[in-house]
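Remarks on the structure that follows.
Both counts, for ligands and for their atoms, begin at 1 and track the order of listing.
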Amino acid sequence: MDPTSLQRLVFLTSLLSCSTNQARLTVTPSSSQVFKYKPVSLRCEDASDGWTVRRNTSIDNRAECGVGWGRPARSSCTISYCDPLDSGVYWCESTEGSTSNTITITVSAVFLQSPVLPVIEGDDVTLICRTKMADPPSADFYKDGVSIRTESDGHMTLLHVNRSDEGLYKCSIQNEGESPESRLSVSEKPPTTTMDPSTSSSSSSSTMNAPTTLSSLHLVFRLLRHLVVFCPYCICTYIVVSLYRERARGNDSVSMTMTPPTHAEQRLDVDYDDVMSAVTTEHQF
Ligand SMILES: *[C@@H]1O[C@H](CO)[C@@H](O)[C@H](O)[C@H]1NC(C)=O
């Protein structure tokens, strides 16, 4: 094997190892919403040594775990008592500057639990004002900054929502604080011919579809990743086979070349024909 193809092989191998060695940031407990004073643990998975957790917040910029925030341990980082100032974007970074996925964490004493997906016109929607206590206490609800209702059990139900219910909602609990705002989107009801009980399940089917789409997307991504890993092997095999064939062809080049016949060869052919005809005529006797 000549040096250039060896270089190509080394390049493809390094490409291969790069595509499979990518760190991933995970968070425990597995939620982007963290209650104030609760702990959170961030871990760089599939990472070798030298990867650290970094963050951007309203007060930090690319701040490394252990420098002003968090307690580092190998490739993970723990915040024992989260504060609203810990809200921000977190990621893993290697000493060479490679980065992982990012996770956005919001810390608050109060969260408004609302549907993530658009709700369908005509559905009933319940918004729940949550604190770290299991049962929500009495809460005030706001829409687009305006107080709309107070509910003693922390649950606000909007009956038969329509487009006018769209907006930014938040809630507040006395002595605890306010939740971050959440957007409620209402999508038009898909046209149906009959009004049977199945219409009530339309919203649940739309919420069921999202994970399936996500998992199929994940599947496609995994397939692509495997292809990326598999391709260099195919290319290497192709290079090796073509090199081998090139060498084999190089050895028999004398007998295998297909150049157009030269005048000398043509004359030889003519001579050969003459001889043959002479032989055949001789045999005719
Ligand atoms: C963090 O902040 C820096 C400087 O503002 C910015 O360049 C970088 O893109 C931010 N990183 C993330 C993951 O948001």
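- Distance screen at 4.0 Å: atom 14 (O) of ligand 1 has a protein heavy-atom neighbour inside the cut-off.
- The nearest protein heavy atom to atom 9 (O) of ligand 1 is not closer than 4.0 Å.
- At least one N/O-N/O distance between Asn61 and ligand 1 falls below 3.5 Å.
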Pair up each side-chain donor or acceptor in residues 27-40 with any protein partner under 3.5 Å, not counting sequence neighbours, and list the distances.
residue : atom : partner : partner atom : Å
Ser31   : OG   : Gln33   : N            : 3.0
Ser31   : OG   : Gln33   : O            : 3.1

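- Looking from atom 2 (O) of ligand 1 to the surrounding protein, the closest heavy atom is Asn56 ND2, 2.3 Å.
- Of the charged side-chain nitrogens involved, none lies within less than 4.0 Å of a carboxylate oxygen, so that Arg183 and Glu181 do not count as a salt-bridged pair.
- By the criterion of side-chain heavy atoms lying less than 4.5 angstrom apart, applied directly or through intervening Ile, Leu, Val, Met, Phe, Trp or Tyr residues, Met156 is grouped together with Val186 in one hydrophobic cluster.
- Taking 4.0 Å as the cut-off between side-chain N and carboxylate O, Asp86 and Arg55 count as a salt-bridged pair.
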